[in-house]
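Inspection log for the structure reproduced underneath, given as structure tokens.
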Amino acid sequence: MVSGRYKSRSMRRVAITTPNGTNKIAYRPKKPKQAHCGQCGAKLSGVPRARKSEITNMPKTAKRPERPFGGVLCTKCMRLEIKKKANNLKL
Amino acid sequence: MFEKGRVCMKLAGRDAGQICIVIKKVDSTFVMIDGQTRRRKCNIKHLEPLDKTFDVNDDATHDEIKEIFKKMNIELKDKKSKNTKPRQKKQHKQKEKPVKKEATPKKKTEANKKPKATVKKDSASKPVISKPKSEVTSDTKSTVDKKD
């Protein structure tokens with residue numbers, strides 16, 4: 001019988017095989033949603049999908065790509081932004 | 001489009017949004033760039049051409065490109081070179097140990113020497129062992145106490 005606290009779906013269920021060989025259901029905390037681009041809504045690569053407590057312990061370079069708008073915009077939108085900036089630039 | 005001396009803006013990577021100048025054309029797809037970016041080979045697809053060109057030598061040094069950027073009112077910041085002096089390590093203060101006074105070897109004087117037990121040889125009687133003075137005194141004291 002499942003204990004009461006695991007009956008709600010606030011925890012995700014993961015099927016595991018124990019060292020004994022029997023199959024069991026483990027209850028783990030849910031992962032947050034993948035980070036998305038601020039303009040087009042595409043999934044961002046290079047941004048970890050983990051709980052906030054895990055991300056805070058990561059180094060800064062592991063949290064987002066090291067380019068302008070890294071972790072905020074996707075590469076396509078970022079290039080468009082920079083092209084706009086280049087067209088308006090007066091040297 | 002991307003001829004020698006063309007001012008460009010980099011679109012990709014960590015140098016994105018920074019201005020550079022084409023120094024050399026490597027082949028149909030790659031060029032050498034320098035300026036606000038690092039001096040490096042770069043794909044043409046990752047560059048946005050701007051409307052200015054300058055005369056650049058074939059093997060222009062970074063200092064020459066600095067002067068060109070000065071004409072555009074852009075100052076290039078030099079990054080710290082890696083050949084820096086080794087960092088000085090903190091040296092912990094060592095506690096001075098109290099200096100032990102060297103024990104001078106005591107000179108053996110005649111007064112300090114213990115009197116040796118001597119055997120007196122009498123001609124006729126048995127040999128009499130004379131005890132050292134210290135032992136004699138202790139014996140005598142004990143006898144005196146008993147008498148009291």
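Note that these values count all heavy atoms, side chains included, but never hydrogens, waters or copies made by symmetry. Chain letters run A, B, ... following the sequence lines, proteins first, then strands; residues in each count from 1. Nothing here was measured: the structure is a model prediction, and the numbers come from that model.
Under the 4.5 Å side-chain heavy-atom criterion for Ile, Leu, Val, Met, Phe, Trp and Tyr, Phe54(B) and Ile74(B) are members of the same hydrophobic cluster.
No other option in Asp51(B), Val7(B), Leu50(B) has as many heavy-atom pairs under 4.5 Å with chain A as Leu50(B).
Both the backbone and the side chain of Leu11(B) come within less than 4.5 Å of a heavy atom of chain A. No part of Lys71(B) comes within reach of chain A, as not one of its non-hydrogen atoms sits under 4.5 angstrom from that chain.
Salt bridge status for Glu54(A) with Arg51(A): absent, with no side-chain N to carboxylate O gap under 4.0 Å.
Residues Gln36(B) and Ile19(B) share a closest heavy-atom pair of OE1-N, 2.8 Å.
Side-chain atoms of Asp27(B) and Thr29(B) form a donor-acceptor pair, as typed in the model, at a separation below 3.5 Å.
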